[in-house]
Structures are given as C-alpha cells and as structure tokens.
Amino acid sequence: MSDLEAEYRLDYFAEEDFVRKECPSCGAHFWTRDHDRELCGEPPCEDYRFIGEESFAEPRSLEEMREAFLSYFEDNGHERITPYPVAANRWRDDVLLTQASIYDFQPLVTSGQTPPPANPLCISQPCIRMQDIDNVGKTGRHTMAFEMMGHHAFNVREDAEEEYAYEGEVYWKDETVEFCDGLFESLGADLEEITYIEDPWVGGGNAGPAIEVIYKGAELATLVFMCMEQDPDGDYEMKDGNTYSFMDTYVVDTGYGLERWTWMSQGTPTVYEAVYPEMISVLKEHAGIDHTDSEAELIHRTAKLAGRMDIDEAEDMATARREIADRLDVDVDHLTALMEPLEDIYAIADHCRALAYMFGDEIVPSNVGTGYLARMVLRRTKRLVDNVGIDAPLDELVDMQAERLGYENRDTIREIVRTEEAKYRDTLERGGRKVEQLAAEYADSDKPIPTEQLLELYDSHGIQPDMVAEIAADTDATVEVPDDFYSLVAARHDDAGDDGGDADRDERFADLPETEKLYYDNQERTEFEAVVIDVFEAEDGYDVVLDQTMFYPEGGGQPADHGTLASDETVAEVTDVQLVDDVVLHRTDSDPGKGEFVRGQIDADRRRQLMAHHTATHIIGHATRQVVGDHIRQAGAQKSTDSARLDVRHYDRLAREDIKEIERVANEMVRANHSVSQEWPHRNDAEAEYGFDLYQGGIPPGTNIRLIHVGDDVQACGGTHVSRTGEIGAIKILSTEPVQDGIERITFAAGEAAIEATQATEDSLYDAADVLDVNPEDVPDTAERFFTEWKQRGKELDRLKDELAEVRATAGAEEVEIDGQSVVVQRLDSDIDELRATANALVEEGSVAVLGSGAGGSAQFVVGVPDDAGINAGEVVSELAGRVGGGGGGPPDFAQGGGPDVDALDDALDDAPEILRGVLNA
RNA sequence: GGGCUCGUAGAUCAGCGGUAGAUCAUCCCCCUGGCACGGGGAAGGCCGCGGGUUCAAAUCCCGCCGAGUCCA
C-alpha cells in the first residue's frame, strides 16, 4: 500500500521555492511560498481576512470576474466552451443536476469513449447544489446556484494499450498549479498569501491527488488530478476505504468558484451582496427594509461571524445565533429580528437564480426527478417571500434572474412559475382546511395532535409540521413536533425497493467481430446476403451472428425487425434481433448452420410501419414544440406497428385545442413531403450547430453521431426512417394521458395504422348511432337528451313509488293487533326501494310494517317500527331472513334483510306475528 | 420508479355495510320604503369507472381512470 505524498512533489513547487509544511492545528500538509507560515490558512484554523477590503488589484462584478478567468485561460491556449444545461440528467442517468464543471464530460469523455469538445478547454458552468440549501443566506457564503469556473485537460498515457477518443498528454500537475498562480498574479493578488493544501479527492468511482487553494482564509479553488479508478487489487487506499489503481486516461479537473472570487475582489460582508447587488436592493425595498446607521453597523459586524451559522457545523441555529449575540454583546432577540429578514432575502435571491437556471434549461416541475427538485425550491422560495412580506409576484423575481442570465424563454419561465405557484396555493388551501379540521378535533381534548397525524399531513398532503403549528395556534389545539420528525418520515419509506443489479454481460459474444450494419445504407432495401459467423443455442431457439445484416435490432424505442434467413436447405424465422456491444444477434427458430451463406429477407410491411411511426415520432415532437413551446422535450418514446407514443415534458395538461393544432401541424409536415436525411457529423460540430436539443432520446457515445433531419427538425437518432415525409400518409393522434406529473403521453398512429385507428373510432360512433337510431352527427345531442330524460324518469319513478306506497299503506293493507300495537304483514313482490317506501308510509300511520318480496329471484324483507313500539326491527328481520336462508339487520327502527329461498317466503311471513310476539316479550 | 392520501350536490366536505346528508352558492316566498342580515321552502347526486364479496355496497376487496403528496 502506498500513499500519494510523492504525487505532490512538483517541479514547479521546487522551482518557485515553495516549502511543504504540516499545519499544527489540523495536521494537513500544504505548500507555501511563505517560509515562515505555520497554519494551513483554511478555516477553522484561520479566519476570513478579506471582509471589508478589496483583496485583488480591483473589485470585479460577477460578469467581469468570469471574463477575467476565461480570457486568462484563453490566452494560455485553452478553448472557451459554452456552458452545459444544469439538468445533467440530459446526458447522464446517474445524477439529476450539474454540480461541477467536470459533470459535463462524465462519463463518456473522462472514460475516453468520446472526444472532448476541445482540449484543453475552459468553461464557466452553472451548477446547482441542493445539499447546501439550509445554509443559503445564513452563512454569508453558501449559494445553491453558482458557477464553477474550470479548466480541463484530457490526457491518455503513452503506454495505453486500448484506443481512446483522444491521445497523448496535454498538460498535468505542474502546469495546472502554474496556471493557478498565474491567474492570481494577473488579478493582482499577493502570492505569498496562497497555500496549496494536499487533499486527495474521491468521487464517483474515480480518485486522484488534489489540491485545495486557499487565499486569505477562503477556499477559492480545488485542483483535482483524476487519474485513478476503483480497483479491488489497487495499491492505493483512499479516504472512502476503497482501493484504487491508476488508469489509462488522466484528467485535469479544476473548480474555481466564480462567486467566491467575485466576493474576494469586493470584500463585501456577504457573497450575495457581491454577486447580485441589484436584486438584493430591490428585494429590500419590496420588503420595506430600511436600516438605521447603527443597525447597519451591527449587521456588518455580524456578517464577519456569520460563518458560525453553518448547519453542518453548528449545534443548531438558535444556539449559533446566541453565541454570535454574546460575542457582539447584543440582545439575541434583537439580533434575530434584524438578521432573519436579511437572511431570507439573500436566500430568495439565490433560489430565484436556481429557479431561473432550472426553468431556463427547460426543467418542468413534476413529482419526480429534477422536476421535483424544482418544485421544492419554488415552494421554499414562495414561503420565504411570504415570510418577509415581499409584495412582488414570484414570477417577476425569477424573471429578474432569468433576464440577468440572458435566457430567451422568459415568457415560458414566468408561465411555469405562475402555474406552479397556483398549484402550491391550492395545496396550501387544501392542507389548511385539513389542519383546521384536525385542530378543531383536538382543541377540546388536552392532547396534542398525534405525531402520526403530523406525519400523514406531511407525507400525503405536503404540509410541513411548522405550518400545522401555525394554523393550530389559532385554535386551542397544541402541536408537538418530535426532533426526529424527518427520520420518522424516512421510516415510512424504508421498504424502498432495490432495483436488482444489472444483467450479467454475456461473455460469449465478446470475441466476435463487429456486425456490419447495412440498415443505415439503404433503408428501403429488404433483402441481403450474409455469412453465418456463429450460432448460439438460446432458451427458445438460436442466436445467429452474421458478418453483415439488414435486420434492425431493437433500440431507441423501435422494435426489432422480423423476417427470414434462408440457406439452401433451411428457412429460419427471425423473431427478435438484439444488439450486444457491436454484435447483432438474430433470434431464430432453427439453426441455419455455422459457415453457411444465407439470404436475409426482412418483413417489409412491418418495417415500413415501424419506419413510418419512427419518422412520425420526430414530426409529432417537432409539432408539439411548435404549438406548445420550446420547453417540450422527449421523456421517452416507443413505436410499434399499429401505433407509437411519445412522452413529453409539459407543465400542464395538453388541452384538446393543443392536440388538434399539433395534429394539424404534423400533417402539414407530412404533406410538405420533406426529405428525411441522415448524416454522421463529428459530435462537436453537431453540438455546435444544433445544441443539446439534438439529444431528445439520450446521448449516444462515439466521436461521430448520426443525425436525422426531418424538415427543420434535427435529432440524434439511431432508428430507421422513411425517405420522404409524404410516405407517412397521415398522422392521427389517438389519445393523450398524463403518465406522471409534468409528463404527457401522446399516442398516435401513422400511415395505414392512422386510417385503421380512425375507422375504429368511427365504428364506435356508428355503433352508438345505431343504438340510438339517429345519424352519427346527432349522437351527442341525442345522448344528452336521453341521459337527461333517463334521470328525469328515475325521479318520476321514485315519486310514483312513494305515491304507491302511501296508497298501499292507507288502503290495501290488512292490519292486525299484537299486544295493542297495530301491525301490517304483507307480501308485495316489488323491489327493495318500494318495500322501504311502503314500510315508511305504514310507520307514519303508526303501524309496525313487516313486508316481504319475492321479486328479483330472492326473498327480501323490510321491517319498520314506530318510535315507541318497543320492538327491535333488526331482531325481527334477522329471524325472518334466517328462515329463507340468509341474514339481515339494521337499526332498531328500520331493518332490511333477505335470503335466497323464495319458496320459504310465505311461511316466514305467516310466522311473522309469532316472531313479533316473541321479540316483544323478550 | 416506489410509498401514502383523496375522488359523494355547482363549491367545500360529513357519512365508511342497513332509507344519500350538512354548509355555502342557485331559485322561490316571507320580513323591509329599498338593501344587507334574518326566517321559510325548492331545485340540484350513474356516491369517478369496471369487476368481486354480501340478503344488502357510497361504505369491504381487486383492477382501471383521475387528483394530490412524500421519498429516491
């Protein structure tokens, strides 16, 4: 086992006369030009030494600092790269949001499968880190949204055996540290103040030596030398307890916090004032905050100590606040009242920026994934805004940041914020009513609202416990929130399913040659010849590997081709085709024989439908974007022969009007008979020209990517397509449904399937028209008339039954007297409603009613008893029903029952007087 | 993707095996010079849809559709 100490002995440090020291306070090793320095410089070993002073040659705004960084690295041979979206899940499925500039290049570039857009490169990448959310506003330095400036170089070792998408060494550790020094120097910093702390880095299966760059007490950059990967046999054990070994690629990954550098240059009390001064002052104005000179002075002194409010370090916020108040010798309540609105305002400014990033990069609020994170941030921001009493609408606040960040879809952003805000308002209203009910319930009892109820309110209805407390405060109900509330919530979710490991890689196909794929050459052809390279036995048939194939393997939501492989002796049916690495496997029902020549024939009708549906999917996506907005993004797609579906992200339900318009635009594209073309450009050129919207269906690996053009629409796509849109014939949207919040599924049919689907719909209409015996166009009116009439008749029937019952009760019934109580026993043979009505009428008259019916194939009883008769109707019915093989019951004054034995009904009714007597005497 | 909650009158909800209810809104009448309030009355329900259990289902069970919410 080795450690990484040698990795830090850089020539550059030696040339520049640096010394390596060990910090007596924290034990960390660091490098410095200042031979007399003792401490490493990082808090808590040392304090901030830049608040209230400009620590570079001149103060810079966020934009100026970004430009200073990028142009410095441009001057030093780096190419400036356009930032990527904050929605990192658009190109990788292991994370949701972009949290560092290196995220842009993982995993395809860092692993060497795909070339970087430039090498070396520099970038200022917008990032969002949700984990810091509780600290935002309070510590003076934490932001959820930030830009990570970085310069990256992607290197491959000279002795690497495999081939990678880039080669050789661009530069490594010495140059990286030299650049860092150079940047400081260009900004007019005091180089003696810099310390480089050795701090190995581990993350995401990779590791390497890394250096923290500290200046005047603040960590301004991290220089990571990613060069190792997790390896059970590795020689290096890192701080996560795993062992690592060196890999073929090694990558310079640096992170310079733009906001920190800006803050450092200005020396303002908090980072927020350095970064968005205008927004802060607008917010203060709206909140009506205006400080006296002495208050402002106190705030300034507090700011220097605000680092203690770090929730990760401090016991709890209240304690931290008290300590600060003690040190400043002021009343803690006074300090809290002064600071809290300010902290909220800082947080609002930051959160609005995060929201602008999210919605600007076309994240749609949802109950899953990034959409959920966006929803959480928005709701939190809304609470803060209400809390400090800012009278500006939230969409305007977010728009301020969106404008500053230069987004073009600002109208959509505002629309999303408004829609989301309205949803939240509904949730709060609903929740408020629920809480009020609960509070009323527990107001009388001395007990607090049970924890179980609080859990349900939060988990199922989204009401935070402190909101419950707030609402309950208006009543007499009390609320006690347990300290471990959120772990109790977590416990409710503890049986979270594991997603069963990845399927084992099949090693049998590893050494086979790549199958030549003919399906891209000419998508119209359906016949080809090939040599059988190998045949493997499968569970239900054979997996045939050919030297070349026209069969399209399942992928990108397009199902596999079917067809036949014919040799001189046999014809094998192909029922499935899969792509494993670069080898195409044809699943067949018989063995064509290894080494044989075969003639492949693919099912042309099936293929034509699939191609039509695939091209139609692109068209529908394009049409939807045009009709509904640029935020429309593919969330999944699946084609089949008789229909296809496209899931799109949208913040609302698609209206019927939208759907019609989408259908119209789509068919316009079909009629325009656009040519559908493919090309294989270098991915960097493709991205530069069309941007990330190319990757609707995920990001493909490789240096060159396949683009499909359908009219103005361009997508990276591996599927097969018709050659002109006119071949699709027609597109019919069959249905839309929400598959989850924020995602709408559009199901549609193309070509022949569109005709069939339309005919099927028409058939339903014609059938309905037949039943109603009207013309199809009269169906809606007639159906409505029938429905209304049907309801009216139901009411009429009820009324008549009541009438009939009254007549029966007053006229038809034979009364008997049992112990002075008049009783009517009668068989009516009508339905239970009528029996009930009659019984009610009899009871009104003061009689006990015992009614039986044999209608509907079973025996039914209703027994009604006047208030003071002293007979339990339930008992009577129960006894009667027992005699017909059933049961019954009900309240003492009105009971029902029955049983299957109709033949015994009359006997049972004959016994009724006896039973009544028995019950009366009991 | 998984868990939980909820679909009953136009709105908000109660009922949770035994005759579908309340409040507000609507309409009519009374009170008043007129309005607000107040009083009296009426109209308004495929109890989300489809199966099942039961003598009996708004109510219990299963599936579907829809809404909400928490977690990853």
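What you are looking at is a predicted structure, and each value in this text was computed from that prediction instead of being measured. So that the names make sense, note that chain A is the first sequence line, chain B the second, and so on, each numbered from 1.
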Span that lies between the P atom of B:rA57 and that of B:rG18, in whole angstrom
11 Å
To the nearest 0.5 Å, what is the distance between CG (A:Leu384) and CZ (A:Arg379)?
14.5 Å
With a 3.5 angstrom cut-off on both distances, give the Watson-Crick or G-U wobble partner of B:rG10, or none if there isn't one.
B:rC24
To the nearest Å, give me how far apart CG (A:Asp741) and P (B:rG1) are.
13 Å
Please determine if a side-chain N or O atom of A:Arg430 lies less than 4.0 Å away from the OP1 or OP2 oxygen of B:rC6.
no
Side chains of A:Asp833 and A:Lys801: closer than 4.5 Å at any heavy-atom pair?
yes
Does atom CZ of A:Arg425 have more than 12 heavy-atom neighbours, drawn from other residues, nucleotides or ligands, at distances under 6.0 Å?
no
Look at all strands and tell whether A:Gly369 reaches a base, only sugar-phosphate, or nothing, counting heavy atoms closer than 4.0 Å.
base
Indicate whether any N or O donor in one side chain lies under 3.5 Å from an N or O acceptor in the other, for A:Ser822 and A:Ser847.
yes
Looking at A:Arg883 and A:Asp911, is there a salt bridge between them, counting it only when a charged N and a carboxylate O are closer than 4.0 Å?
yes
Taking a pair as Watson-Crick or G-U wobble with both distances under 3.5 Å, which nucleotide is matched to B:rG38?
B:rC30
Does B:rG45 have a Watson-Crick or wobble mate here (both distances under 3.5 Å), and if so which one?
none
Rounded to whole Å, how long is the line connecting atom CD1 of A:Ile832 with atom P of B:rU19?
11 Å
Any A:Arg653 side-chain nitrogen or oxygen under 4.0 Å from OP1 or OP2 of B:rG66:
no
I'd like to check A:Glu429 versus A:Arg433 (side-chain heavy atoms, cut-off strictly below 4.5 Å). Are they in contact?
yes
Between B:rG18, B:rC55, B:rC46, spot the one nearest the side chain of A:Pro891, thanks.
B:rG18
Report yes if a side-chain nitrogen or oxygen of A:Gln896 is closer than 4.0 Å to either non-bridging phosphate oxygen (OP1 or OP2) of B:rC55; otherwise report no.
no
Candidates B:rU69, B:rU19, B:rG66 - which lies nearest the side chain of A:Asn367
B:rU69
To the nearest 0.5 Å, tell me how far A:Arg633 CZ sits from A:Asp361 CG.
8.5 Å
Tell me: CZ of A:Arg799 to C1' of B:rA42, nearest whole Å?
15 Å
Per A:Trp790 side chain, nearest of listed nucleotides B:rU5, B:rC46, B:rA20:
B:rC46
Strictly below 4.0 Å: does A:Arg375 bring a side-chain N or O up to OP1 or OP2 of B:rU69?
yes
Can you tell me how far P of B:rU19 sits from CZ of A:Phe861, to the nearest Å?
18 Å
Do A:Gln638 and A:Gln558 pair up side chain to side chain, a donor and an acceptor below 3.5 Å, judged on atom types alone?
no
Of A:Gly889 and A:Tyr424, the one whose nearest nucleotide on RNA chain B sits closer to the 5' end is A:Gly889
Using a 4.0 Å heavy-atom cut-off, does A:Pro900 contact any base of the nucleic acid, only the sugar-phosphate backbone, or nothing at all?
nothing
A:Tyr458 stacking on B:rC70: centroids under 5.5 Å, ring planes under 30°?
no
Any ion pair linking A:Glu415 and A:Arg418 (charged N to carboxylate O, less than 4.0 Å)?
yes
Please give, in whole Å, the distance from B:rU69 P to A:Glu429 CD?
13 Å
Look at the side chain of A:Asp459 and the base of B:rG3, then say whether one donor and one acceptor between them are separated by less than 3.5 Å.
yes
With a 3.5 Å limit on both atom pairs, tell me what B:rC4 is paired to, counting Watson-Crick and G-U wobble, or say none.
B:rG68
Integer angstrom distance from the P of B:rU23 to that of B:rC61:
31 Å
Report the nucleotide, chosen from B:rU5, B:rG66, B:rU69, that has the shortest atom-to-atom distance to any side-chain atom of A:Arg379.
B:rU69
Reckon A:Gly887 touches a base, only the sugar-phosphate, or nothing at all at heavy-atom distances under 4.0 Å?
base
In whole Å, what is the span from the CG atom of A:Leu457 to the C1' atom of B:rC6?
13 Å
Using the C1' atom on both, measure B:rA36 against B:rC31 and round to a whole Å.
13 Å
Taking only the C1' atom of each, what is the distance from B:rC13 to B:rC47 in whole angstrom?
13 Å
If you check every side-chain atom of A:Val368, which of B:rC13, B:rG1, B:rC4 has the closest atom?
B:rG1
What integer distance in Å separates A:Leu835:CG from B:rU19:C1'?
12 Å
Among the nucleotides B:rC13, B:rC55, B:rC70, whichever has the atom closest to the side chain of A:Arg433 is B:rC13
Could you tell me whether the phosphate oxygens of B:rU69, OP1 or OP2, come under 4.0 Å of any side-chain nitrogen or oxygen in A:Thr427?
yes
Whole-Å P distance, B:rG45 and B:rG21:
14 Å
Rounded C1' spacing from B:rC6 to B:rG15 in Å:
15 Å
Touch class at under 4.0 angstrom, heavy-atom based, for A:Arg883 against every strand present
nothing
Pick base, sugar-phosphate or nothing for A:Asp833, based on heavy-atom distances below 4.0 Å to the nucleic acid.
nothing
Mark yes or no for a side-chain to base donor-acceptor pair under 3.5 Å between A:Asn840 and B:rU19, with no hydrogen or angle criteria applied.
yes
P atoms of B:rG7 and B:rU59, separation to the nearest Å
11 Å
Rounded to whole angstroms, how far apart are CD on A:Gln453 and P on B:rU5?
12 Å
If each of A:Phe787 and A:Gly885 is mapped to the nucleotide of RNA chain B with the nearest heavy atom, which maps nearer the 5' terminus, i.e. the 5' end?
A:Phe787
For atom P, what is the distance between B:rA56 and B:rG51, given to the nearest Å?
16 Å
May I ask you to evaluate whether A:Lys434 reaches the phosphate of B:rU5, defined as a side-chain N or O under 4.0 Å from OP1 or OP2?
no
Base, sugar-phosphate alone, or nothing: which one does A:Gly462 contact when heavy atoms must sit under 4.0 Å apart?
sugar-phosphate
Residue matched to B:rG17 through Watson-Crick or wobble contacts both under 3.5 angstrom
none
Which one, B:rA72, B:rU69, B:rG44, comes nearest to the side chain of A:Lys795?
B:rG44
